[in-house]
Amino acid sequence: MAQITIIGLGQIGASIGLALGGQKTALKRVGHDKRVDIERAAQNKGAVDEVNHNLPAAVRAADLVLLCLPISQVRETLEIIKQDLKENAVVMDTAPVKSAVAEWAQELIPAGRYYVGLVPALNPEVLHEPAFGLEAARADLFQKGLMVIDAPSGTPDEVVQLASDLTRLLGAVPLLADLVESDGLMASMHLLPQLAAAALLNATVDQPGWQESRKLGGRPFAAVTAGLAYQDDIDALQMAALQDRENIVRVLDTLIAALRGLRDDISNADEEGVAARLEQALEGRNRWMRERLAADWQEGTKKPLDVPTFAERFFGTAFVKRTPS
């Protein structure tokens with residue numbers, strides 16, 4: 001029986017464990033979290049088969065180690081576990097910025113062990129749910145979503161295949177990308193909304209008139225600023241923005257240009273210009289939501305499995321449920 005160790009039992013880590021709950025005959029799920037109460041709650045929820053609060057011991061027998069952690073905790077964790085990773089072990093992580101993590105992995109992970117990055121796009125059903133952490137974990141969290149797979153140059157094909165097989169087990173569609181491309185995508189779609197929320201809050205909270213305006217804050221203000229409240233913690237957001245600063249500066253410049261254009265049209269009382277910008281924005285959002293909810297990402301991504309996959313050889317034939325041709 002193969003072992004997967006999930007480090008970090010929040011929404012992502014616990015959901016992976018729940019999604020793999022049907023593979024108990026082939027896979028032992030071991031969990032670790034900094035908080036003992038979270039470990040116990042995750043085990044009670046059925047996300048893991050057992051927990052081990054000793055981090056080196058938790059990974060010592062693991063064939064696959066999943067780091068479901070804020071990026072601010074990834075390097076420290078790699079430093080702790082590096083000497084206890086067994087030969088041929090595979091380490092994966094779910095942090096949003098991959099170039100930095102890949103550099104740390106290259107520096108810290110011993111030869112004969114491998115690293116692949118994962119970037120999950122969650123089930124569209126949870127897009128408007130504010131809950132996070134273990135209480136928000138669900139077995140279908142990755143269904144109808146993509147999983148970006150970032151494999152550093154030189155990664156064996158079998159390891160990439162393992163990541164693809166795991167992705168399909170979770171109900172997601174694998175999307176292979178290089179590290180630079182992945183970081184560029186996440187800068188605009190994951191980090192920029194959080195930074196924009198921070199800018200809006202800094203532009204309004206405790207500014208002149210705030211004592212009265214705070215009483216009138218409604219759904220628009222709550223919705224836009226929620227990006228900062230329910231996503232990455234502040235340390236992780238700061239590190240991700242600085243580690244991906246070239247992309248972040250680029251997307252911030254694009255946002256500033258869009259705001260400046262809207263500002264100029266309003267300043268010039270350009271009714272047609274303002275209307276065109278707002279209509280274009282609303283149409284774009286509506287189109288994105290339709291596409292995201294439909295999740296029709298399957299074209300060209302799945303191929304019949306005519307031979308045993310690496311996951312089948314790695315974890316046993318029960319690990320992957322074969323898709324009929």
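The figures that follow rest on heavy atoms only: side chains count, while hydrogens, waters and symmetry mates do not.
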Check your understanding: Between Arg75 and Glu79, is there a side-chain N and carboxylate O pair less than 4.0 Å apart?
Key -> yes
Arg35/Asp37 ion pair, N-O < 4.0 Å: yes
Is there a side-chain contact between Glu125 and Asp140, using heavy atoms and a 4.5 Å cut-off?
yes
Worksheet item: Would you find more than 12 non-hydrogen atoms of other residues, nucleotides or ligands less than 6.0 Å from Glu271 atom CD?
Response: no
Side-chain donor-acceptor pairs under 3.5 Å in residues 236-245, sequence neighbours left out?
| unit_1 | atom_1 | unit_2 | atom_2 | d |
| --- | --- | --- | --- | --- |
| Asp244 | OD1 | Asn247 | ND2 | 2.9 |
| Arg245 | NH1 | Leu242 | O | 2.9 |

| Quick check: are there more than 12 heavy atoms from other residues, nucleotides or ligands sitting under 6.0 Å from CD of Glu87? | yes
Original post:
Crowded around Glu181 CD? As in, over 12 foreign heavy atoms under 6.0 Å?
Top reply: yes
### Query
Going hydrophobic residue to hydrophobic residue with side-chain gaps under 4.5 angstrom, can you get from Ile80 over to Trp104?
yes
* Around atom CD of Gln280, are there more than 12 heavy atoms of other residues, nucleotides or ligands at under 6.0 Å? -> no
Return a table of donor-acceptor pairs under 3.5 angstrom between the side chains of residues 7-18 and protein atoms on other chains or two or more places apart.
| unit_1 | atom_1 | unit_2 | atom_2 | d |
| --- | --- | --- | --- | --- |
| Ser15 | OG | Gln11 | O | 2.6 |
| Ser15 | OG | Arg138 | N | 3.0 |
| Ser15 | OG | Arg138 | O | 3.3 |

(Q) Any carboxylate oxygen within less than 4.0 angstrom of a Lys/Arg side-chain nitrogen, looking at Asp49 and Arg29? (A) yes
Are Tyr115 and Val101 side-chain neighbours, meaning at least one heavy-atom pair lies under 4.5 Å?
-> yes
Problem set entry | Heavy atoms from other residues, nucleotides or ligands near CD of Gln106 exceed 12 (cutoff 6.0 Å) | no
Arg60 CZ: over 12 foreign heavy atoms closer than 6.0 Å
yes
In Leu66, Leu64, Leu166, the residue satisfying side-chain contact (heavy atoms from CB on, under 4.5 Å) with Val90 is Leu64
- Do the charged groups of Lys82 and Glu107 touch, with an N to O distance under 4.0 Å? no
